[in-house]
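The structure under discussion appears below in the form of structure tokens.
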Number of protein chains: 2
Amino acid sequence: MTEAERDRLTPRQRAVLECALELLVAGGERALTTAGLARAASCSKESLYKWFGDRDGLLAAMIAHQASKVRGFSDMGETMDRERFRAHLLGFARDLLEVLAGDVSLALNRLAIGQASREESPLGRLLVAQGRRRIDRSAKALLEAGRKAGLINFSDLDDAYRTLYGLIVRDLHVRMLLGEGGLRRPEAFARQAEQAVEQFFVLFGVREMAGE
Amino acid sequence: MTEAERDRLTPRQRAVLECALELLVAGGERALTTAGLARAASCSKESLYKWFGDRDGLLAAMIAHQASKVRGFSDMGETMDRERFRAHLLGFARDLLEVLAGDVSLALNRLAIGQASREESPLGRLLVAQGRRRIDRSAKALLEAGRKAGLINFSDLDDAYRTLYGLIVRDLHVRMLLGEGGLRRPEAFARQAEQAVEQFFVLFGVREMAGE
DNA sequence: ACAGAACCGTACCGTACGGTACTGATGGAG
DNA sequence: CTCCATCAGTACCGTACGGTACGGTTCTGT
């Protein structure tokens, strides 16, 4: 997916998409007009339509472009002990909070949610598929590794992952999407990540054996 | 707040707001035009502007109107034993999931999130204040009652409540907002509510004494 | 050097929407 | 009966946006 997009799009087009993201972040969907983008990116409207088809195509390209920038987690072939596993979970929690609180992420999620009512343009599906799935996959792989190492236990991987997600994010995402201020403080994120991982271990952790 | 709104608005105006909510649910924000609402509600655009000022005023009135319909939980003066408390938590969890999955709730949240970028129209703030706050308050009262009865323990009420919220809702709200299908199945909600309450007790429950 | 493509800037068109003004009908008060 | 307020229906205006067309310029390959 990443390579296909990187092959299909010229650097110029990627720069235009980057500019479109900036406009979207700055002023929301209403600020992202074809004329405005053409002016801001110093290109012609005609080029925009030639490259992306129509406005919906532009929005989809923006989502795909942003998703192509997000790097998945490493595949961790190393042996897993308790502290290492905890550290990985903590890193995942911190990264997740940081990603969700990012300007571009919030703007794109607002855009997709705003378009969710229109049945004909499934931007939400696209966003979930391109943005969330790879995060989910790596996190689930992490949990599976922890289970195989005997550090945690669960019957349903998907269920355990979603519990972890809920403990980390709570209602923070929706409140940020609603524009509530004073929510994006990095030190609060770090604290919240630690607490969530702690709670996750209480729920799913395997008690350490005395002789081990 | 409820009485003030019920005094200020005539039944006719409330019917118009109800009609506006239906339009919003049916077609999203783009379907809610002043001309369309006037036609659907059989009133004139001039009346709309006289009653609500402008379009933003109409949207705010819709949120206030919808919030005025939501009934808070009862104040429970009764004595609290373990089973009763658990039942109350379960009821809260089920109600919360049902409310968040409601058509009107989703449509209004999408609307507020879509407007969140515009700094000058704080619909998100309004929605949180009118819709969420009363849910939060009653739930916190419930948790406080459980703590006073020695059934659960926590150091920070707000923190405990948000953990409960996260366990119940997880990422379901955002995914519904994004338009993901196949998520709104009542039996899944009931199951999820039970599991969340169970997990909440594991995290915050006080161990039952043998002699009690 | 030259031909052709790509592209920028701008002008243009149709439409849709927010908001206002006007007209006629209805209904209640004196 | 008459006056007045309210309101439905409609016509209208200005604006903004999506999408298209065109003239002029720059880049590229030969």
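In what follows, every chain begins at residue 1, and chains take the letters A, B, ... in the order their sequences are listed.
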Checklist outcome for this item: Of D:dC7, D:dA8, C:dG9, the nucleotide closest to the side chain of A:Ser42 is C:dG9
Checklist entry - Is it true that a side-chain atom of A:Gln192 and a backbone atom of A:Ile168 form a donor plus acceptor pair closer than 3.5 Å? => result yes
Next on the checklist: Tell me whether the rings of A:Phe201 and A:Phe85 are parallel (<30°), tilted (30 to 60°) or perpendicular (>60°).
Outcome noted: perpendicular
Item to check | A:Trp51 side chain near C:dC7 phosphate (N/O to OP1/OP2, under 4.0 Å) | outcome: yes
Item to check | Nearest-angstrom distance from the residue atom NZ of A:Lys50 to C1' of D:dG18 | outcome: 18 Å
Checklist entry - Are B:Lys140 and B:Asp136 ion-paired here, with the side-chain N under 4.0 Å from a carboxylate O? => result no
Checklist entry - By a strict heavy-atom criterion of less than 4.0 Å, which residues belonging to residues 19-31 of chain A are in contact with DNA chain D? => result none
Next on the checklist: Checking the side chain of B:Thr163 only, and the main-chain atoms of B:Asp159 only, is there a donor and an acceptor separated by less than 3.5 Å?
Outcome noted: yes
Checklist entry - For C:dC8, does OP1 or OP2 lie under 4.0 Å from any side-chain N or O of A:Ser47? => result yes
Please list each protein N or O that sits under 3.5 Å from an N or O in nucleotides 20-28 of chain C, with the distance.
{"unit_1": "C:dC22", "atom_1": "N4", "unit_2": "B:Glu46", "atom_2": "OE1", "d": "2.4"}

Checklist entry - Any chance the side chains of A:His65 and A:Glu18 put a donor and an acceptor closer than 3.5 Å? => result yes
Next on the checklist: Determine whether B:Arg94 and B:Phe189 satisfy the following criterion, side chain to side chain contact (heavy atoms under 4.5 Å, CB included), listing intermediate values before the conclusion.
Outcome noted: CA-CA 7 Å; B:Arg94 274 195 284 252; B:Phe189 287 174; 5.9 Å; no
Checklist entry - What integer distance in Å separates B:Leu59:CG from C:dC17:C1'? => result 14 Å
Checklist entry - Taking only side-chain nitrogens and oxygens of A:Arg12, does any of them come within less than 4.0 Å of OP1 or OP2 of D:dT26? => result no
Checklist entry - In whole angstrom, what separates A:Leu32's CG from D:dA16's P? => result 17 Å
Checklist entry - Among all residues two or more places apart in sequence or in another chain, which pass the salt bridge (Lys or Arg N to Asp or Glu O under 4.0 Å) test with A:Lys50? => result none
Next on the checklist: Among D:dG19, C:dC7, C:dG18, which nucleotide has an atom closest to any side-chain atom of B:Thr33?
Outcome noted: C:dG18
Checklist entry - When the distance from CG of B:Asp54 to C1' of C:dC17 is rounded to whole Å, what number comes out? => result 14 Å
Checklist entry - Got a donor-acceptor contact below 3.5 angstrom from the A:Ser105 side chain to the A:Gly102 backbone? => result no
Item to check | Polar side-chain atom of B:His88 near backbone of B:Arg84 as donor-acceptor pair, under 3.5 Å | outcome: yes
